[in-house]
2 protein chains.
Amino acid sequence: MSPRSSFAHARQTREAIVEAGLRIASVEGLEGLTIGRLAADLGLSKSGVLGHFGSKETLQLEVVDAAAELFGREVVGRAERAPEGLRRLRALVESWVSYVERGVLPGGCFFTAAASEFDDRSGPVRNAVAGLAWVWERDLRRQVDLAVAAGELPAGTDSDQVVFELSGHLLALNYALRLHRDPAAPARARTAIARLLE
Amino acid sequence: MSPRSSFAHARQTREAIVEAGLRIASVEGLEGLTIGRLAADLGLSKSGVLGHFGSKETLQLEVVDAAAELFGREVVGRAERAPEGLRRLRALVESWVSYVERGVLPGGCFFTAAASEFDDRSGPVRNAVAGLAWVWERDLRRQVDLAVAAGELPAGTDSDQVVFELSGHLLALNYALRLHRDPAAPARARTAIARLLE
DNA sequence: CCTACCGATCGGTAGG
DNA sequence: CCTACCGATCGGTAGG
């Protein structure tokens, strides 16, 4: 084997740090994610971890980006084959339900947890989390509007209201699953979603 | 003025600590609530704070109790005049909407935040939060069942499903209000609730 | 990537 | 309730 270039090796280490950080942060929160814990888990020194990012905040922002990438792959990507409009909308929310049901991350939906943790703060981490949440909601609203235009949902449907209620069903699912460990929660969420979108 | 007994004074200090702790914890979380911050805010020494509780976990549990008392007063208590069944159910959820709309605590609903923070942990704090959430949901379910028995809601209504969807609307409200600072959120929640309970 | 630090802060204790 | 501590850990830096 030829030796890896130090550039490639550093990038690989950096990705491993962010990946481990995402898993930790989904359980402990983005603030509970500490450099020391990350270093111990990966067998690195603290400065070996921090050197890749410069500051904890930069690390947190990279973890948020990694969460967005995972979300794009595991939720949005899985719905892309469905035609736009009502079927795409149903596929998107079903992908989300399946995403938390399968337990892709050990702490459930990263964005739900991060939103709750950072909603009362200010700064770049809060802005990144809120912005990505906003993009997800805009994508849902767009599919609602397309469904209305195609006659798949009643004319005059308030798409903001539909997105609000869909978000509620998803939040209720994450809540019931994680706080009450209620195995019936995914079925309840699917029932609620089906009734809203019938 | 006769001097207060040291017992009464100590109790008063203890209550002031818990009250300040509740306000801090609603913003910073129960783990972000530190003895040092509390001591500085109240002009006490760290050991002056900790001496009342013995450990941080005991303090956290007392803050959870204080949150439950506040919730009982500001949410459940406000709905008590309504007759049981559908009207009580509507009054309970409207009290909750009003509770976060009025901004009773600076960080929104304490239990929503604490549930998200502790859902992946174990121990007495998690148990207290989950238990109180369960009591709230049981109270809602009871009113749904009474409403069905009185013919105010359709026979065969799945009360667990109704409580799941109501919880979702309340979670969506807290989320939209705190992460997006969306002033339209209370109206959206009221619309969703009214439609569910019509 | 490492060792070896820094000042600050954490929860908690001893003794009064 | 206080002062005066404790060991552990925090994010971060210097220098290699």
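Chain naming here is simple, since letters A, B, ... match the order of the sequence lines and numbering starts at 1 in each.
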So, OP1 or OP2 of D:dC2: does either fall under 4.0 Å of a side-chain N or O from B:Ser45?
yes
Reading DNA chain C from 5' onward, which residue's closest nucleotide shows up sooner: B:Arg37 or B:Gly54?
B:Arg37
[X] [atom1] to [N] [atom2]: how many Å, rounded?
X       : N      : atom1 : atom2 : value
B:Phe53 : C:dT13 : CZ    : P     : 15 Å
B:His9  : D:dC2  : NE2   : C1'   : 14 Å
A:Glu31 : C:dT9  : CD    : C1'   : 14 Å
A:Lys46 : C:dA4  : NZ    : P     : 14 Å
B:Leu38 : C:dG12 : CG    : P     : 13 Å
A:Leu33 : D:dC10 : CG    : P     : 10 Å
B:His52 : C:dG11 : NE2   : C1'   : 17 Å
A:Glu28 : D:dC10 : CD    : C1'   : 15 Å

Nearest-nucleotide comparison on DNA chain D, the residue closer to the 5′ end among B:Leu44 and A:Lys56:
B:Leu44
Should the pair [X]-[Y] be classified as a salt bridge under the 4.0 Å nitrogen-to-oxygen rule?
X        : Y        : answer
A:Glu31  : A:Arg121 : yes
A:Arg141 : A:Asp145 : no
B:Arg88  : B:Glu80  : no

Which part of the nucleic acid, if any, lies within reach of A:Ile35 when heavy atoms closer than 4.0 Å are counted: base, sugar-phosphate only, or nothing?
sugar-phosphate
Nearest to the side chain of B:Ala10, heavy atoms from C-beta on, is which of C:dC2, D:dC1, D:dG12?
D:dC1
From C-beta outward on B:Leu50, which listed nucleotide comes closest to its side chain: D:dT13, C:dC2, C:dT13?
C:dT13
What about B:Ser47, does its side chain sit under 3.5 Å from the base of C:dT13 through a donor-acceptor pair?
no
Run the side-chain contact (heavy atoms from CB on, under 4.5 Å) check on B:Arg78 and B:Tyr99 step by step: do they pass?
CA-CA 10 Å; B:Arg78 285 187 169 226; B:Tyr99 167 75; over 6 Å; no
Under 3.5 Å, is there a donor on one side chain and an acceptor on the other for A:Glu62 and A:His52?
no
Just checking, any donor-acceptor pair under 3.5 angstrom between side chains of A:Ser95 and A:Ser98?
no
Knowing that exactly one of A:Thr112, A:Ile193, A:Val100 qualifies, which makes a side-chain contact (heavy atoms from CB on, under 4.5 Å) with A:Leu170?
A:Ile193
Pairs under 3.5 Å (Watson-Crick or G-U), crossing ones as [ ], inter-strand ones as |: DNA chain D comes out as ||||||||||||||||
